[in-house]
Trainee: 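The structure that follows is given in the form of structure tokens.
Residue numbers count from 1 along this sequence. No experiment lies behind these values; they were computed from the predicted model shown.
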Amino acid sequence: MREIVPSPDTMRSLEEAARRYHLDLMESDEGLDYLTGQRGLTLDTLRYFNLGIVSDPMPEHHQFRGKLCVPYWTVSGIVSLRFKTIPDANGNMGGPKMLSMEGAFGLARPYNVTDVLSTDQRLILTEGEPDTWTMKQLGYRVVGIQNATAWKPEYGPMFQYRRELLIIVHGDENGAGQKLATRISKDVPYLKQIVMPTGHDANSYFTQYGEDSLRFLLGD
């Protein structure tokens with residue numbers, strides 16, 4: 001699989017921004033309340049994923065002010081940043097849930113891709129970053145795919161040689177989660193689907209029903 005990799009200077013700039021926004025998050029009541037309260041994440045999880053908030057944006061990120069920063073790490077370093085809107089008290093986004101950088105570095109990529117390097121025979125695929133955070137917090141090896149259109153056939157070989165490869169399918173009424181699973185299954189035919197109850201993804205089910213209930217759905 002070939003991906004566009006930033007130049008060393010660009011990668012250093014991305015890493016500088018990620019460090020800055022992560023420090024801002026640790027001092028942000030709004031960001032911490034959302035991630036630890038509504039999303040049920042621990043501080044260790046926030047640190048592992050180097051999550052941040054754009055309180056004092058760098059010049060090239062002024063349009064993302066107030067949004068969460070989600071770095072995309074590889075073994076080489078950070079290759080992209082995505083930005084997540086924090087919903088208001090009524091759950092309204094007031095715009096897109098997620099925004100990507102412009103140009104080549106805004107292209108869809110697998111998230112938490114370093115877990116592919118693990119020798120564990122079990123690997124979980126999820127849709128989106130929040131489910132990836134949740135499953136990693138629970139100790140699973142996990143890779144996130146942004147959506148059905150973000151999957152590329154050349155990703156298939158990355159997931160070979162696993163005795164147990166699962167995908168968590170969102171229980172959405174429009175069937176978007178099932179579209180992602182169906183698309184991946186064309187390239188990874190031994191994929192096992194874990195379909196969440198209607199209205200839930202892994203993170204929402206975890207926050208509402210707890211860790212034990214989510215593990216039960218996964219057969220643990």
Trainee: Can you tell me if Asp115 uses its side chain to pair, donor with acceptor, with the backbone of Val142 under 3.5 Å?
Mentor: yes
Trainee: Is there a side-chain contact between Arg183 and Thr149 (heavy atoms, below 4.5 Å)?
Mentor: yes
Trainee: Only one of Lys84, Lys97, Arg82, Arg109 forms a salt bridge (charged side-chain N to carboxylate O under 4.0 Å, His left out) with Glu129, so which one is it?
Mentor: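 Among the candidates, only Arg82 passes.
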Trainee: For Gln121, is there any backbone N or O sitting under 3.5 Å from a side-chain donor or acceptor partner on Arg163?
Mentor: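 No, Arg163 side chain to Gln121 backbone: no donor-acceptor pair under 3.5 Å.
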Trainee: Cut-off 3.5 Å, side chains only: do Thr42 and Thr45 have a donor facing an acceptor?
Mentor: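 Note: Thr42 and Thr45 side chains meet the donor-acceptor criterion.
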Trainee: Nearest 0.5 Å please: distance from the CG atom of Asp56 over to the CG atom of Leu23.
Mentor: 12.0 Å
Trainee: Pick out which of Thr134, Ile168, Asp131 makes a side-chain contact (heavy atoms from CB on, under 4.5 Å) with Asp201.
Mentor: Asp131
Trainee: Taking Gly40's backbone N and O only, do any of them form a donor-acceptor pair with Gln137's side chain (distance below 3.5 Å, no angle check)?
Mentor: yes
Trainee: Might you point out which heavy atoms bring Val54 and Pro57 nearest each other, and give the distance in Å?
Mentor: CG1-CB, 3.4 Å
Trainee: Leu81 versus His61: any side-chain heavy-atom pair under 4.5 Å?
Mentor: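 Yes; the side chains approach each other to less than 4.5 Å.
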Trainee: For the pair Trp151 and Tyr155, name the ring-plane relationship: parallel under 30°, tilted 30 to 60°, perpendicular over 60°.
Mentor: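 Perpendicular: the ring planes of Trp151 and Tyr155 meet at over 60°.
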Trainee: Does any non-hydrogen side-chain atom of Phe206 lie less than 4.5 Å from one of Met135?
Mentor: no
Trainee: Within the side chain of Thr182, is there an N or O that forms a donor-acceptor pair under 3.5 Å with the backbone of Gln178?
Mentor: yes
Trainee: Ignoring hydrogens, what is the shortest heavy-atom contact between Ser76 and Met11? Give both atom names and the distance.
Mentor: O-SD, 3.2 Å
Trainee: Counting N and O atoms only, with roles assigned by atom type, does the side chain of Thr114 sit under 3.5 Å from a partner on the main chain of Val75, one being a donor and the other an acceptor?
Mentor: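 Checking the backbone N and O of Val75 against the side chain of Thr114, no donor-acceptor pair under 3.5 Å is found.
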Trainee: Locate the shortest heavy-atom distance separating Gly144 from Thr132; write the atom from each residue and the value.
Mentor: CA-OG1, 3.4 Å
Trainee: Can you tell me if CZ on Phe216 sees more than 12 non-hydrogen neighbours from other groups inside 6.0 Å?
Mentor: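 Atom CZ in Phe216 is not packed in, count stays at 12 or less.
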Trainee: Show your working on salt bridge (charged side-chain N to carboxylate O under 4.0 Å, His left out) between Arg215 and Asp212 and close with a plain yes or no.
Mentor: CA-CA 5 Å; Arg215 289 187 185 279; Asp212 290 344; 5.3 Å; no
Trainee: For Ala181 and Val169, work out which heavy atoms get closest and say how close.
Mentor: CB-CG2, 3.7 Å
Trainee: Going through the checks in order, is the side-chain contact (heavy atoms from CB on, under 4.5 Å) test met by Leu218 and Tyr140?
Mentor: CA-CA 11 Å; Leu218 268 66; Tyr140 295 98; 3.9 Å; yes
Trainee: Rounded to the nearest 0.5 Å, what's the gap from CG on Leu43 to CG on Leu51? Could you check?
Mentor: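 It comes to 11.0 Å.
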Trainee: Would you say that Thr207 contacts Gln38 through its side chain, given a criterion of any heavy-atom pair below 4.5 Å between the two side chains?
Mentor: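 No. Closest side-chain heavy atoms not under 4.5 Å.
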Trainee: Hey, does His22 have a side-chain heavy atom less than 4.5 Å from the side chain of Pro71?
Mentor: no
Trainee: Compare every heavy atom of Ala108 with every heavy atom of Lys152, then report the nearest pair and how far apart it is.
Mentor: NZ-O, 4.1 Å
Trainee: So if you build clusters from Ile, Leu, Val, Met, Phe, Trp, Tyr with side-chain heavy-atom gaps below 4.5 Å, do Leu125 and Tyr205 land together?
Mentor: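 Cluster IDs for Leu125 and Tyr205 differ.
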Trainee: Determine whether Phe83 and Ile78 fall in the same hydrophobic cluster, where Ile, Leu, Val, Met, Phe, Trp and Tyr are linked whenever their side-chain heavy atoms lie under 4.5 Å apart.
Mentor: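 Shared cluster, yes.
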Trainee: Does the side chain of Trp133 come within less than 4.5 Å of Asn203's, by heavy atoms?
Mentor: no
Trainee: Are Ile86 and Leu35 linked, directly or through intermediate hydrophobic residues, by side-chain heavy-atom contacts shorter than 4.5 Å (ILVMFWY only)?
Mentor: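 Yes, one cluster joins them.
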Trainee: Grouping I, L, V, M, F, W and Y whenever their side-chain heavy atoms are under 4.5 Å apart, do Ile194 and Val143 come out in a common cluster?
Mentor: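 Per the 4.5 Å side-chain linkage, Ile194 and Val143 are not co-clustered.
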Trainee: Atom CE in Met196, atom OG1 in Thr126: separation rounded to 0.5 Å?
Mentor: 11.5 Å
Trainee: Has Glu211 got a side-chain atom pairing as donor or acceptor with Leu138's backbone, closer than 3.5 angstrom?
Mentor: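 Side chain of Glu211 to backbone of Leu138, a donor-acceptor pair under 3.5 Å: no, none is there.
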Trainee: Considering only residues two or more places apart or on different chains, which pairs with a residue in residues 26-36 satisfy side chain to side chain donor-acceptor pair (under 3.5 Å)?
Mentor: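 Found Tyr34-Arg39.
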Trainee: Not counting sequence neighbours, which residues clear side-chain contact (heavy atoms from CB on, under 4.5 Å) with Arg19? List them please.
Mentor: Glu15, Glu16
Trainee: For the side chain of His170 and the backbone of Glu127, is there at least one donor-acceptor N/O pair under 3.5 Å apart?
Mentor: yes
Trainee: Is it true that Ile124 and Tyr209 fall in one hydrophobic cluster, defined by side-chain heavy atoms closer than 4.5 Å?
Mentor: yes
Trainee: Evaluate Phe49 against Tyr111 for ring pair (Phe, Tyr, Trp, His ring centres under 6.0 Å), listing each step before the verdict.
Mentor: CA-CA 10 Å; Phe49 287 103; Tyr111 182 55; 5.6 Å; yes
Trainee: Would you check if Leu25 and Leu32 make a side-chain contact, meaning some heavy-atom pair closer than 4.5 Å?
Mentor: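 Touching, per the 4.5 Å side-chain cut-off.
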